[in-house]
Amino acid sequence: MHKIITKKEIAPAVKLFEIKAPLVAKKARAGQFVILRIDENGERIPLTIANFDAQRGSITIIFHEVGKTTKQLGGLNEGDNIADIVGPLGNAMVSKKYGTVVCIGGGVGIAPIYLKIKAFKRAGNEVISIIGARTKELLILEEGIRKTSDELYIATDDGSKGHHGFVTDVLQELIDTKKNIDLVLAVGPVVMMRAVGNVTKRHGIKTVVSLNPIMIDGTGMCGACRVTIDGKSRFACVDGPEFDAHLVDFEELMNRQRIYLDEEDVALQKFEDHKCH
Amino acid sequence: MSLRLSMPELGLKKRRHSFDEVALGYSAEQAIAEAKRCLQCASIKSRNIKAECVRGCPTETDIPRFVKYVSEGDFDSAIEVIKERNALPAICGRVCPYENQCEKLCILSKKGEALAIGGLERFVADHERKKNIKVSKKAETSGKIVAVIGSGPAGLTTAADLAKLGHDVTIYEALHEVGGVLMYGIPEFRLPKEIVQAEVEYVKRLGVSIQTNVVIGRSIGVEGLLEKFDAVFIGTGAGLPRFLNIPGENLNGVYSSNEFLIRTNLMKAYKFPEYDTPIKIGKKVAVIGAGNVAIDSARVALRLGGEDVCIIYRRSEKEMPARAEEIKRAKEEGIQFKLLTNPVRIIGDEGGWVKQIECVRMKLGDSDKSGRRMPIPIEDSEFTLDVDTVIIAIGQSPNPLISKVTNGLKTTRGGAIKIDENGRTSLEGVFAGGDITPGTATVIEAMSAGKRAARAIHEYISR
């Protein structure tokens, strides 16, 4: 059992939990994730470790309430317990000195880049961050990222803050006007990561994305998270989650993320009906 | 002619949509009657002569002795005899391939039918569980501590044997449930999970402590364990699913058997939406492979609503590795067998879902290294089958996680951890057994490896 120590709503329907998980906190590194299961009947879902504190024996997760499991999770309160948390899983990011690194986070994908920005800074890189969301309320962790990054650009789909448009517009402009960019890192919706990859490929800029396919065990056993990288099948849980954006088959990934859409609706409907009664 | 008493089974109609156990087990009267058929072949310890059946048992259970007690109606003594050698009798009594082991060597089989040793083992184990499981005698506490990685049949057996010898054992399990393949792999209708948990409970009552949700190699390393423990046993199993490496394997609707069974057995997707984990099953299901896992997957698919479920296998019926009993049941339930057939590619529709599978017909050539005749494609014999779910069940490779992150742990080219005949690895104080090592394939072989390793660990830490 893992106790929820802190709960915050950091944007509409976006929750931050600090959870007791000493074993995970002790070994966690930027880029890794946990798998959690809320209770006996729950499914196992992967969530990026947004922060960790070995001394407090805690990890932080940030999630958007979109489906049954994330809504149920968001309904838990400080002091409540989560049945199972396992991790840290996946490979830690490689944080060496590249030179100038552009970190792009989209939506709830902003959460995982925060630790990465810090790691890139520690390794002596110049870090330019771009965060984007549908609307300004959904721009999470803005202050922290502003303080850590050398420069911060913002893009919103509705133009409520920063550039009116996509993070890729900002990236394109940076490439056009800026000196050399040595590495781009992008985490967010698959369409965004694909778009970033398309932009940087044209300019030959090395780009890393963190993939989020469906997973069950997270230890390489089930193969649900297989993704095609450079024509070969890889398991995101043990071979990733970070891959070279220019080698990822994004169409296939998007397709595989849609496998259970019908069932997700059924589960959500049942959960909401149950809540109303 | 001496014919064995057949075991009652769940009716065919009920089986179609139910995950209830198929084999129902003997009643006390039936068990006594069956046990009386035993010829009580003698084992002579002083001359190291063992009854044939005992020679066939990987855990060397004293079969004639426990069967004698059954024939006398003394079931409590019978289970005590079994538990001298085997901590998981209700599991073995269900999933052991006894027809290739103890029963194969039974003298009765020469003139009629072998004694139903597996059925009798199952009966006494179930009899004890219904009453109350007694904890075997334990040696005095040794003060030595041992870490066991993985709570499948190998790990549970090693832990139980070491605990009985007085050692303090901690099992680390990566998943949220204890039992490994017994929980995630073998379906409910062949091995009810309640029975696995009862036997796990027995291992706990021997004093073994179990920590779930700990991935050794991620949360803690083997080196870290060695700093704290006197010895480490690795029993992490064959976790890595194999794929065919043909086009279309990542289409929606294609599962590895591991994923398909984990969803169903471990996550209880057959009870969706009461349980949150979903599973998608079409009407036309093709399962590739013919081992026990393939047969299990096909029978699960049928129970989940598959109407047309077939096994596609590149060799002939004779070479199918699954247990004969389970193949028979699968056929009864309506599973089709497309033999001498090999998939070449999986074809998808515009939405990225499986639509068809293209196969080629095969013929058998000369024998290969395994002694089985090699399947050879017949030229221009390609044909397609309409399918909407494909399950790939062509085997698993050893879980690579620990060997990848542990310096000095030697593995074979296939990724299995190398061990000597006592389960010792290339690292001092580290032992291994079960599917993570070469050549193991069944629950009972994993248990037997666990027993060997437990003996070696005991010697090592008592030196």
Side-chain angles (χ1 to χ4, degrees), chain A residues 2 21 23-24 26-28 32 34-45 67-69 72 83-90 214 216-228 232-233 235 238 249 251-260 262-264 266-271, chain B residues 173-177 180-181 184-185 211-221 224 236-243 245 249-263 266-269 271-280 348 351-353 392 396-397 399-401 404:
Chain A
H2 300 267
L23 214 51
V24 184
K26 210 167 133 187
K27 277 287 174 88
Q32 291 186 297
V34 292
I35 294 247
L36 70 76
R37 190 179 74 131
I38 301 175
D39 56 27
E40 172 58 32
N41 291 21
E43 60 179 339
R44 293 169 65 102
I45 59 160
K68 190 257 169 179
T69 298
Q72 186 189 349
D84 305 294
I85 291 182
V86 59
L89 300 173
I214 295 171
I216 309 174
D217 63 285
T219 62
M221 266 174 55
C222 76
C225 68
R226 60 195 190 275
V227 286
T228 299
K232 290 194 193 74
S233 236
F235 291 178
V238 287
D249 184 340
E251 303 304 318
E252 179 187 279
L253 174 61
M254 274 191 273
N255 211 39
R256 289 185 63 77
Q257 283 182 333
R258 282 196 288 262
I259 298 179
Y260 296 105
D262 297 344
E263 287 76 11
E264 282 165 22
V266 171
L268 184 59
Q269 192 62 48
K270 182 176 165 259
F271 178 69
Chain B
E173 166 56 47
L175 292 169
H176 58 265
E177 295 274 22
V181 72
Y184 75 75
Q211 291 196 28
T212 53
N213 295 321
V214 182
V215 184
I216 302 298
R218 293 286 194 200
S219 317
I220 316 167
T236 46
L240 190 70
R242 282 191 207 134
F243 286 90
N245 294 318
E249 267 186 309
N250 291 357
L251 285 166
N252 289 357
V254 182
Y255 287 102
S256 73
S257 51
N258 263 12
E259 180 185 357
F260 189 72
L261 293 175
I262 286 173
R263 282 184 183 274
L266 180 74
M267 306 309 296
K268 299 196 166 55
K271 293 185 181 169
F272 177 85
E274 180 196 340
Y275 282 75
D276 289 341
T277 305
I279 194 155
K280 205 113 179 174
W353 285 87
I392 302 183
Q396 290 86 235
S397 306
N399 196 321
L401 187 59
K404 230 165 59 181

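In this text, all values refer to a predicted model and were calculated from it rather than measured experimentally. Below, chain A is the first sequence line, B the second, and so on; all start at residue 1.
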Exactly one of Tyr275(B), Phe272(B), Tyr255(B) clears side-chain contact (heavy atoms from CB on, under 4.5 Å) with Arg263(B), and that residue is Tyr255(B)
Looking only at Glu252(A), Gln72(A), Lys232(A), Arg37(A), the option with the highest number of non-hydrogen pairs under 4.5 Å against chain B is Arg37(A)
- Task: Evaluate the side chain to side chain contact (heavy atoms under 4.5 Å, CB included) criterion for residues Leu36(A) and Ile45(A): first the C-alpha distance (whole Å), next the side-chain angles of each, then the deciding distance (0.1 Å), finally the verdict.
- Result: CA-CA 6 Å; Leu36(A) 70 76; Ile45(A) 59 160; 4.1 Å; yes
Check: Run the side chain to side chain contact (heavy atoms under 4.5 Å, CB included) check on Leu240(B) and Phe235(A) step by step: do they pass?
Finding: CA-CA 10 Å; Leu240(B) 190 70; Phe235(A) 291 178; 3.9 Å; yes
When the 4.5 angstrom heavy-atom criterion is applied to Tyr184(B) and chain A, the contacting part is side chain
Checked Asp217(A), Leu23(A), Asp39(A) vs chain B; the most non-hydrogen pairs under 4.5 Å come from Leu23(A)
Residues passing the side-chain contact (heavy atoms from CB on, under 4.5 Å) test with Asn213(B), sequence neighbours excluded, are Asp84(A), Val86(A), His176(B)
Turns out that what part of Glu274(B) lies under 4.5 Å from chain A's heavy atoms comes down to both
Of Gly218(A), Gly42(A), Gly223(A), Gly87(A), the largest count of non-hydrogen pairs under 4.5 angstrom with chain B goes to Gly42(A)
Report yes or no: do Asn250(B) and Thr228(A) form a side-chain donor-acceptor pair below 3.5 Å? yes
Cut-off 4.5 Å, heavy atoms of chain A, and the answer for Leu401(B) is neither
One option among Ala83(A), Ala224(A), Ala267(A) has the most heavy-atom pairs under 4.5 Å with chain B, and it is Ala224(A)
Okay, Ile85(A) and chain B: the region with an atom under 4.5 Å from a heavy atom over there is backbone
If you tally heavy-atom pairs under 4.5 Å between each of Lys270(A), Arg44(A), Lys68(A) and chain B, the highest tally belongs to Arg44(A)
Residue set satisfying side chain to side chain donor-acceptor pair (under 3.5 Å) with Ser397(B), at least two apart, ordered chain then number -> Arg242(B)
Requested in this report: Please assess Gln396(B) against Ser256(B) for the test side chain to side chain contact (heavy atoms under 4.5 Å, CB included), listing each intermediate value before the final yes or no.
Outcome: CA-CA 10 Å; Gln396(B) 290 86 235; Ser256(B) 73; over 6 Å; no
Subject >> Salt bridge flag under 4.0 Å for residues Asp262(A) and Lys280(B) >> reply: yes
Cut-off 4.5 Å, heavy atoms of chain B, and the answer for Leu253(A) is neither
Of the listed Arg226(A), Glu43(A), Lys27(A), the one with the largest count of heavy-atom pairs under 4.5 Å with chain B is Arg226(A)
Chain A shares the most heavy-atom pairs under 4.5 Å, among Gly352(B), Gly253(B), Pro241(B), with Pro241(B)
So, the part of Leu261(B) with a heavy atom under 4.5 Å from chain A: the answer is neither
So, the part of Glu40(A) with a heavy atom under 4.5 Å from chain B: the answer is both
Taking the side chain as every heavy atom from C-beta outward, state whether Val214(B) and Glu173(B) have any pair of such atoms under 4.5 Å apart.
no
Honestly, the part of Ile259(A) sitting under 4.5 Å from a heavy atom of chain B is both
Would the number of heavy atoms belonging to other residues, nucleotides or ligands and lying under 6.0 Å from NZ of Lys404(B) be above 12? yes
